[in-house]
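We name chains A, B, ... by the order of the sequence lines, and we start the count at 1 in each one.
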There are 2 protein chains.
Amino acid sequence: MQKATNLNRLAYFVAVVDAGSFTRAADYLGITKAVVSQQVARLEQEVGTTLLMRTTRRLQPTEAGRMFHARCVSILREAEDALGELAQGRTEPKGLLRITAPYDYGTSVIVPLVTTFTSRYKDCRVELNLSDRMVDLVADNMDLAIRVGWLADSNLQARRIGSFRQLLVGSPEFVGNVPALNEPADCSSLPFVANNALREPLEWTFTHRDGDVRSVRFKADIAINTTPAVMEAVRQGAGLSVLPDFLTTAGLLAGDLIPVLPEWQLPSGGVYTVYPAARFRPPKVSVFVDMLIAALKALSLTREIR
Amino acid sequence: MQKATNLNRLAYFVAVVDAGSFTRAADYLGITKAVVSQQVARLEQEVGTTLLMRTTRRLQPTEAGRMFHARCVSILREAEDALGELAQGRTEPKGLLRITAPYDYGTSVIVPLVTTFTSRYKDCRVELNLSDRMVDLVADNMDLAIRVGWLADSNLQARRIGSFRQLLVGSPEFVGNVPALNEPADCSSLPFVANNALREPLEWTFTHRDGDVRSVRFKADIAINTTPAVMEAVRQGAGLSVLPDFLTTAGLLAGDLIPVLPEWQLPSGGVYTVYPAARFRPPKVSVFVDMLIAALKALSLTREIR
DNA sequence: CGGATTGTCAGCTTTTAGCATACATTCTGT
DNA sequence: ACAGAATGTATGCTAAAAGCTGACAATCCG
């Protein structure tokens with residue numbers, strides 16, 4: 001079987017015809033005229049057809065050469081367009097961005113961000129898949145996964161971009177009807193709503209501003225397996241619970257929830273982005289992650305001011 | 001300036017996407033999978049975009065990769081079409097064939113041949129330029145020149161494909177009214193029509209069948225600068241003249257002209273084809289030259305039978 | 001008529017293509 | 001559950017190709 005024609009030679013041939021001489025084509029291409037001469041000669045050898053009629057110091061395309069030149073111009077233009085489109089896609093966010101995130105985090109943090117993202121970048125669309133299971137990025141054709149919690153650093157494509165705090169909260173009515181709460185031990189006997197979405201929902205370690213560390217084990221009469229429902233029960237005065245700040249912000253602002261022992265900190269968790277392994281990051285992904293980082297920073301500042 | 005993208009890599013990339021794996025693409029292309037892997041990796045490097053999302057043992061194109069793949073398929077198909085068109089032009093005579101020939105030879109020999117050629121090859125057209133001057137093949141964009149006479153063998157692209165004879169002829173009336181003509185000297189005092197299209201129209205060397213060589217210098221009362229007009233004067237009884245067989249055949253057959261001293265031969269000349277220097281001969285040229293050679297052979301046989 | 005220009009050729013150096021081999025990771029059959 | 005098979009990548013090697021320089025032959029122009 002005949003060896004494939006080297007398509008790079010088309011560009012040399014087109015340059016010669018366009019320039020009207022090997023010498024001018026070489027100048028235009030930035031190589032020596034000997035190379036241009038050789039490349040076109042090899043092209044003629046490969047296609048078994050004379051494309052240029054030459055005499056010393058003069059040349060012109062044959063009839064076959066003129067036909068082929070027209071075809072080559074079209075081919076090279078199409079290649080240039082395709083490469084240009086790739087280059088443009090490297091710099092401008094566009095196309096469909098597929099994101100997976102946990103239910104709760106996705107609903108409260110990612111949804112508002114997605115709205116902002118698509119209104120800012122008109123060429124982008126977003127498909128947000130909320131799932132608490134470990135999504136396979138490549139198999140499920142995802143561009144980006146938001147992971148919340150505690151990840152081992154073994155996955156090179158995972159990147160910690162922010163954090164969330166956890167708070168002990170109760171409703172105003174509930175907290176108003178119990179004795180003063182000054183330290184974690186004061187709370188251990190109070191009604192507690194356990195969040196069974198967590199691996200260990202009852203035992204919590206508090207750290208005071210001055211460094212004092214206390215662990216408390218709550219007793220729960222109520223245990224629920226989804227975090228929003230836990231929050232709703234707390235709002236209804238069913239008891240205290242530990243909830244992430246990305247869920248409680250609205251309730252705290254509205255006065256439906258009250259932080260308990262705010263001087264005592266609970267462990268915070270990380271917010272991670274995970275990408276499929278790839279050599280280059282499409283700008284739609286980079287831009288979205290930048291926006292997420294900025295949003296998380298703004299959230300941190302809001303918390304610190306209060 | 002960025003180095004140009006190697007267009008040969010497009011074929012590797014398309015093969016991988018089409019095949020669904022590097023391994024199958026390698027099998028299809030007849031090379032090792034390591035090469036396919038490297039070629040696509042280099043393509044991604046050159047375009048600065050991830051085209052394929054890979055995990056171990058699995059891959060799929062990115063969004064940019066899918067777009068680019070569609071473009072590449074189109075480009076490669078167009079290239080294949082263009083190369084196919086060249087290949088077809090290599091085997092089938094088609095297009096415009098531009099021929100230059102001397103006035104006389106062209107009119108009597110080439111015109112009938114051109115008619116046969118274009119009726120046999122429907123895709124061909126012919127442009128016949130009759131000129132007695134030395135035509136520059138490349139400058140005047142000719143595919144083929146027919147040269148008649150005596151060429152030095154220095155031009156490598158000239159090819160002798162046949163010959164013509166020269167005959168001493170007169171009209172029947174003229175020859176009937178003169179004493180018997182047995183040898184060249186008998187003719188030297190007779191009226192002679194000089195052909196000024198020739199370099200030396202008056203001095204001729206005759207060679208007998210038995211090897212005897214005689215030279216004669218004619219005296220001409222009439223000198224004309226075009227061969228057909230010379231022949232017409234001879235036909236009208238103005239005298240004898242030396243004319244090429246490709247002009248006299250019809251007159252001889254019709255009885256308008258009579259050969260004089262047929263046992264004494266005059267110098268013959270060659271029929272040559274001249275091509276512009278080229279690596280490959282388009283089939284339209286090759287086929288036409290083949291037909292010309294065949295026609296000249298047929299002419300030779302006709303002369304020998306008589 | 002001589003110098004300038006053009007295209008080609010030959011020899012050389014650098015770069016690339018393609019190979020074989022080894023390795024890490026996943027998948028499948030037993 | 002495990003071992004072998006399959007896949008894609010990396011590395012080092014060899015051969016081929018790309019590009020350079022210099023020289024040459026043929027034409028053109030001042």
Within the pair A:Arg54 and C:dT8, is there a side-chain N or O less than 4.0 Å away from OP1 or OP2?
yes
How far apart are the C-alpha atoms of A:Ile110 and A:Leu292, what are their side-chain angles, what is the distance that settles it, and do they pass the side chain to side chain contact (heavy atoms under 4.5 Å, CB included) test?
CA-CA 8 Å; A:Ile110 304 301; A:Leu292 181 53; 3.9 Å; yes
Nearest-0.5 Å distance that lies between atom OG1 in A:Thr50 and atom CG in B:Leu86
10.5 Å
Roughly how many Å is it from CD in A:Gln60 to P in C:dT6, rounded to a whole number?
17 Å
Using a cut-off of less than 4.0 Å, is there contact between a side-chain N or O of A:Ser21 and OP1 or OP2 of C:dT6?
no
Side-chain N or O of A:Ser37 less than 4.0 angstrom from OP1 or OP2 on C:dT8?
yes
Counting the atoms with a prime plus P, OP1 and OP2 as sugar-phosphate, which does B:Ala41 contact under 4.0 Å by heavy atoms, base, sugar-phosphate, or nothing?
nothing
Which nucleotide sits closest to the side chain of A:Phe22: C:dC9, D:dG8, C:dG7?
C:dG7
When we call it a touch if two heavy atoms are under 4.0 Å apart, what does B:Arg9 touch: a base, just sugar-phosphate, or nothing?
sugar-phosphate
The nucleotide from C:dA17, C:dT8, D:dT11 with an atom nearest the side chain of B:Arg42 is C:dA17
What nucleotide among C:dG18, D:dA10, D:dG8 has an atom nearest to a side-chain atom of B:Ile31?
C:dG18
Per the side-chain contact (heavy atoms from CB on, under 4.5 Å) rule, which among B:Thr23, B:Val16, B:Asp27 passes with B:Lys33?
B:Thr23
Take B:Lys33 and A:Ala34, find for each the nucleotide of DNA chain D with the closest heavy atom, and name the residue whose nucleotide sits nearer the 5' end.
B:Lys33
Please check the phosphate of C:dG7 (OP1 and OP2 only) for any side-chain N or O of A:Thr23 closer than 4.0 Å.
yes
So does A:Gln39 get a side-chain nitrogen or oxygen closer than 4.0 Å to the phosphate oxygens (OP1/OP2) of D:dG19?
yes
Under-4.0 Å side-chain N/O to phosphate OP1/OP2 contact, A:Asn6 with D:dA18
yes
Can you check whether B:Asp123's main-chain N or O pairs, donor with acceptor, with B:Arg125's side chain at less than 3.5 Å?
no
